[in-house]
Amino acid sequence: MEETPSPLLLKISKIISDFFNPLTSLIIFFIYMSVREYTLKDSLLYFLPVSLMIIVPVIIWLVWNVKTGRYTNMDVSNRVQRKTLYIFIAACIITYLIFNYSRTGSIDLVMLFILILLFALQVSNFFIKSSMHTAFNIFTAALFFTLDWKMGLLWLGIATLVGITRVILKRHTIKEVFMGAGIAFVVSFLYLYCNIQFQH
């Protein structure tokens with residue numbers, strides 16, 4: 001018989017899982033990157049379009065769909081409901097990539113690989129509901145590795161913790177968490193490889 005987690009463990013797991021959702025984790029990375037790598041002006045020029053074209057629309061989309069009952073919760077735990085979320089986020093990222101390319105003449109590598117990760121998760125969603133929380137936190141760890149290996153290791157630990165909380169909260173099975181992690185490791189490796197190539 002399966003043992004039920006204690007109310008305290010469930011509460012702690014919910015706090016960790018809710019806080020380190022894909023959007024929050026990526027925002028923390030962008031803030032860290034902005035403070036470390038850019039001036040305030042350059043940070044605003046980069047982060048403002050990302051916020052207005054991706055982050056804010058996705059938050060509005062999630063809240064609206066939960067409020068109207070199309071999504072069961074903000075995690076979009078339902079596999080069928082998740083399809084429209086993937087499509088909407090992808091549309092936002094593609095719009096941003098086109099805008100950024102027309103403005104700078106270069107492709108935003110981070111956003112391109114977030115799109116690739118999203119596409120891979122969408123494909124896997126036809127077969128298994130891979131953990132987006134786990135996948136995006138592992139990818140965030142890869143992003144941190146390009147700036148500071150210590151932060152990369154710390155975030156890899158956070159990603160592991162998030163994966164465990166998803167199982168405790170019964171939002172995902174162990175198999176689904178491992179699937180999300182596997183996809184993220186492949187995409188993260190490709191991102192890190194491309195990042196190194198473009199630096200030389």
Side-chain angles (χ1 to χ4, degrees), residues 1-29 54-93 113-144 151-189:
M1 191 171 153
E2 199 178 324
E3 198 177 319
T4 308
S6 69
L8 180 62
L9 182 61
L10 285 170
K11 193 174 182 180
I12 292 166
S13 296
K14 190 166 181 355
I15 290 165
I16 292 167
S17 182
D18 287 350
F19 183 77
F20 293 108
N21 68 66
L23 275 177
T24 309
S25 297
L26 288 169
I27 289 168
I28 291 168
F29 167 74
I54 301 171
I55 295 167
V56 173
V58 169
I59 291 169
I60 291 168
W61 177 265
L62 281 167
V63 171
W64 179 72
N65 276 287
V66 169
K67 212 167 185 177
T68 56
R70 288 180 179 90
Y71 293 165
T72 311
N73 51 42
M74 290 290 281
D75 285 349
V76 194
S77 300
N78 184 293
R79 195 166 136 193
V80 177
Q81 295 171 0
R82 196 167 269 208
K83 289 175 188 174
T84 56
L85 176 65
Y86 284 133
I87 293 164
F88 184 79
I89 297 172
C92 291
I93 294 171
F113 273 88
I114 287 173
L115 184 65
I116 291 167
L117 177 59
L118 200 69
F119 178 75
L121 288 169
Q122 169 71 307
V123 170
S124 87
N125 193 54
F126 289 111
F127 309 99
I128 183 170
K129 188 184 77 174
S130 303
S131 172
M132 267 181 89
H133 275 66
T134 309
F136 272 89
N137 275 289
I138 287 171
F139 184 71
T140 302
L143 296 177
F144 274 117
M151 279 299 292
L153 281 177
L154 173 70
W155 216 270
L156 208 50
I158 288 169
T160 304
L161 198 59
V162 168
I164 292 166
T165 67
R166 303 304 287 164
V167 176
I168 290 168
L169 294 168
K170 293 185 173 32
R171 297 290 168 87
H172 287 284
T173 63
I174 293 171
K175 189 179 175 182
E176 290 168 350
V177 166
F178 273 107
M179 189 68 177
I183 290 166
F185 273 116
V186 172
V187 174
S188 296
F189 176 80

Quiz item: Would V63 and M74 count as a side-chain contact (heavy atoms from CB on, under 4.5 Å) if you check the C-alpha gap in whole Å, the side-chain angles of each, and the deciding distance to 0.1 Å?
Solution: CA-CA 7 Å; V63 171; M74 290 290 281; 3.9 Å; yes
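Note: I55 CD1 to I27 CD1 = 4.0 Å, rounded to the nearest 0.5 Å. Considering OG of S188 and CD1 of I183, their distance stands at 11.5 Å, rounded to 0.5 Å. Of the inter-residue distances, the one linking I93 atom CD1 with F119 atom CZ reads 13.0 Å to the nearest 0.5 angstrom. The distance from atom CD1 of I128 to atom CD of E176, rounded to the nearest 0.5 Å, is 5.0 Å. Interatomic distance, CG of N65 versus OG1 of T72, reported as 10.5 Å (0.5 Å rounding). Atom CD1 of I164 sits about 10.0 Å away from atom CD1 of I174, to the nearest 0.5 Å.
Considering only heavy atoms from C-beta on, Q81 stays 4.5 Å or farther from R70 through its side chain. Side chains of I28 and F19 form a contact here, defined as non-hydrogen atoms less than 4.5 Å apart. No side-chain heavy atom of N21 sits less than 4.5 Å from a side-chain heavy atom of D75. A heavy-atom distance below 4.5 Å is not found between the side chains of N73 and V66. Side-chain atoms of L143 and L26, non-hydrogen and from C-beta on, do get closer than 4.5 Å to each other. Counting heavy atoms from C-beta on, the side chains of I114 and I54 never come closer than 4.5 Å. Side-chain contact between Y71 and W61 is present, with heavy atoms from C-beta onward closer than 4.5 Å. Between R171 and S17, the closest side-chain pair of non-hydrogen atoms is not below 4.5 Å.
In this structure, S131 and R166 approach most closely via the heavy-atom pair OG-CG, 4.0 Å. Here the closest non-hydrogen pair linking P57 and C92 is CB-SG, 4.0 Å. P22 approaches M132 most closely through the heavy-atom pair CG-O, 3.9 Å. Here the shortest heavy-atom pairing between L117 and A184 reads CD1-CA, 4.0 Å. Nearest heavy atoms, A159 versus T134: O-CG2, 4.3 Å. In this structure, L10 and L169 approach most closely via the heavy-atom pair O-CD2, 3.7 Å.
Atom CG of L9 has more than 12 neighbouring heavy atoms from other residues, nucleotides or ligands inside a 6.0 Å radius. Under a cut-off of 6.0 angstrom, the local environment of CZ in F178 is sparse, with at most 12 non-hydrogen atoms contributed by other residues, nucleotides or ligands.
Aromatic ring pairs are classed by plane angle as parallel below 30°, tilted from 30° to 60° and perpendicular above 60°; the pair W155 and F20 is perpendicular.
With L118 as reference, I89 is the one residue of I89, I87, L85 to meet the side chain to side chain contact (heavy atoms under 4.5 Å, CB included) rule.
Listed for the R79 side chain is a donor-acceptor partner under 3.5 Å among the backbone atoms of F126. When atom types are taken as modelled, the side chain of N137 and the backbone of H133 share a donor-acceptor pair closer than 3.5 angstrom.
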